[in-house]
Amino acid sequence: MDFFLQLLVNGVCVGLLYGISAMGFVMIFKASSVLNFAHGELLALGAFIFLSLITWGKIPVAAAFILTLAGCFLLGFIIERFFLRPLIGEKLIFVIMLTVGLAAMFKGLILLIWGGNLHTYPEFLPPSLEMQLGPIYIAPVYSATLVISIVFLILFGLFFKKSSQGIFMRSVADNQKAALSLGVHVRRVFALSWAIAAMVACMSGIVLGIINGVNVHDLSAIGLKVFPVVILGGLDSIGGAIIGGIIIGLLETFTGGYLSPSLRDVVPYIVLVVILMVKPYGLFGLVEIERV
Amino acid sequence: MGDILLQLNNISVVYSNVIQVLKGVSLSVERGHIVSLLGSNGAGKTTTLKAISGLLKPENGEVTDGNIIYNSVNIQNRAPEDITRQGIIQVLEGRQPFKYLTIEENLRVGTATRPGKPYKEDLEMVYHYFPALVKRKKALAGYCSGGELQMLVIGRALMAHPQLLMLDEPSLGLAPLVVQEIFRIIKKINEEHGTTIVLVEQNANMALQVAHYGYVMENGKIVMEGTSAELSDNPDVKEFYLGMAASGMAKSYKDVKSYRRRKRWL
Ligand SMILES: Nc1ncnc2c1ncn2[C@@H]1O[C@H](COP(=O)(O)OP(=O)(O)OP(=O)(O)O)[C@@H](O)[C@H]1O
Ligand SMILES: [Mg+2]
């Protein structure tokens, strides 16, 4: 029983990260219908930039974390401005191929600078973060993950529900023509969605790096996990992405714990295929409101 | 003629480089007036509005000839982000709410031309014109009735403080009483805010009641213009656009007949 609860907690923590990272992916898709195949590489890039800032740069951890997020936010803007914007109006397949190209480019860049080995962050989480809830022991990494994830979720909720920019972003995803007719700067919304997506990808990259170590192949493969997550959650639902992430996280940890660690990376894809056969729009895909 | 806010000089519009829809349309809109644009399906009314608002561009349409002068500036083929910021807001045909946003969030999108500025008073203003929206403000727009949605999209446009408001068939698919209510409010907005309004309508009867001046469009051309009184008295307009209302009895058989006769007239 204790083992079960332990796996449950770990699974939810990792799953939240998958969910948040998938949320970035969904955001780009909702705003501009682009599938970003460079998502995993952005994740890895974040983890490596953070690594360099704290080991080579000797910058305090909190500052390095914020600096990395800010840098990735900017990077997202730049990617949209220089690579995607010229393709607005072109066939979607070109844009998607472009993201595949970007993925290769980022991966090459990371291999060039940091190599393909496994790096680890120095121990910096204070042991005071560990928690003992009855029989469940929560290691510092997992409680940190939990805290960061919940803070992000709350911030995003507020951003999309309360702030004007957040509402404009949702309006573009909802009805682009109507948004244009009211003067919403649609290209700016695309750029912002890339910036935010890059930022949350980097955030997940850093935290996953703390949990599993930093390796370009592993991290970019985790980026691929957004596919089972968003398929599960529905490509167009941000809330669904979070739930999908948690389900995949749980599946993975339970498979790893009870069956075999070597199966844990396969199971999400098996689930993906099964779900696609039963519910092609995902479990939590938006139910189209039809009236008028 | 008084102070001209908007002038279209002989504009042609072509979609996808080949499909010519407007063939030399000229019209002018006096500041503070309501101008109606009447015409049958496919006449080019919506295209005319899109040429003005810049929304042709995303549909691969282009003003190939003539010019559009607004506040003494040439605005043809400018981007919609730019034109909306000059005070021209088009309310699209068929309502087009943001379905997954609440009524109030929909209204807030109307502030996109001046992000970060206060908007609370404007919300109050919209709720004052459309009290029916108040109790629905937390409801998703996708679940609102057609009448509520029409009020919503007009209200959403008002949030942008338009100088020129262009309404595309606001009466479409609404019950007669709701149509009357909407037109009463349109007139009120025009009188109280001095907002200049271009009104595209199939419901010529209602449009001519509120408008000061009107144009009739067929096949991408303006075929007739005049004050609302002149148009209402014109025998052709009476026949083809007011037919049902003038005779007072709307028989479906008569509809068919007058449609045939209009075809001959064109
Ligand atoms: N994006 C487009 N590409 C090609 N042709 C178009 C496009 N939009 C409209 N048209 C054509 O232009 C003509 C005029 O269309 P428009 O929508 O302006 O008419 P309308 O007067 O608004 O008609 P309705 O009363 O039915 O709304 C139609 O024949 C239509 O098929
Ligand atoms: Mg039309």
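Numbers restart at 1 for each chain; the letters A, B, ... are given by sequence-line order, proteins then strands. For clarity, every value in this text was computed on a predicted model and none was experimentally measured.
No side-chain heavy atom of B:I154 sits under 4.5 Å from any side-chain heavy atom of B:Y129.
Both the backbone and the side chain of A:A179 come within contact range of chain B, with heavy atoms under 4.5 Å apart. When heavy atoms are compared at a cutoff of 4.5 Å, A:R188 does not approach chain B at all. For B:L101, the parts lying near chain A are the backbone and the side chain together; criterion is any non-hydrogen pair under 4.5 Å. With a 4.5 Å cut-off on non-hydrogen atoms, B:S53 does not touch chain A at all. The parts of B:R108 that come within reach of chain A are both its backbone and its side chain, each placing non-hydrogen atoms under 4.5 angstrom from that chain. Of the atoms belonging to B:E105, heavy atoms from both backbone and side chain fall under 4.5 Å from chain A.
Remark: A:K225 engages A:E252 in a salt bridge, criterion side-chain N to carboxylate O under 4.0 Å.
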N/O donor-acceptor pairs under 3.5 Å from side chains in residues 63-73 of chain A, not counting sequence neighbours:
residue: A:T68; atom: OG1; partner: A:A64; partner atom: O; Å: 2.6

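Checked against the 6.0 Å centroid threshold, A:F190 and A:F77 do not count as a close aromatic pair.
Chain B forms the most heavy-atom pairs under 4.5 Å with one residue out of A:S163, A:A178, A:S164, A:S171, and that residue is A:S171. When each of B:M159, B:R156, B:K50 is scored by its heavy-atom pairs under 4.5 Å with chain A, the top score falls to B:R156. Note on A:R170, A:Q165, A:K161: by heavy-atom pairs under 4.5 Å with chain B, the leading option is A:R170.
Shown are A:Y269, A:F25, A:F29; of these, the ring-ring contact (aromatic ring centres under 6.0 Å, His included) with A:F227 is made only by A:F25.
In this model, no donor atom of one side chain and acceptor atom of the other lie less than 3.5 Å apart for B:Q76 and B:N67. Counting only N and O atoms by type, the side chains of B:H33 and B:T196 include no donor and acceptor under 3.5 Å apart.
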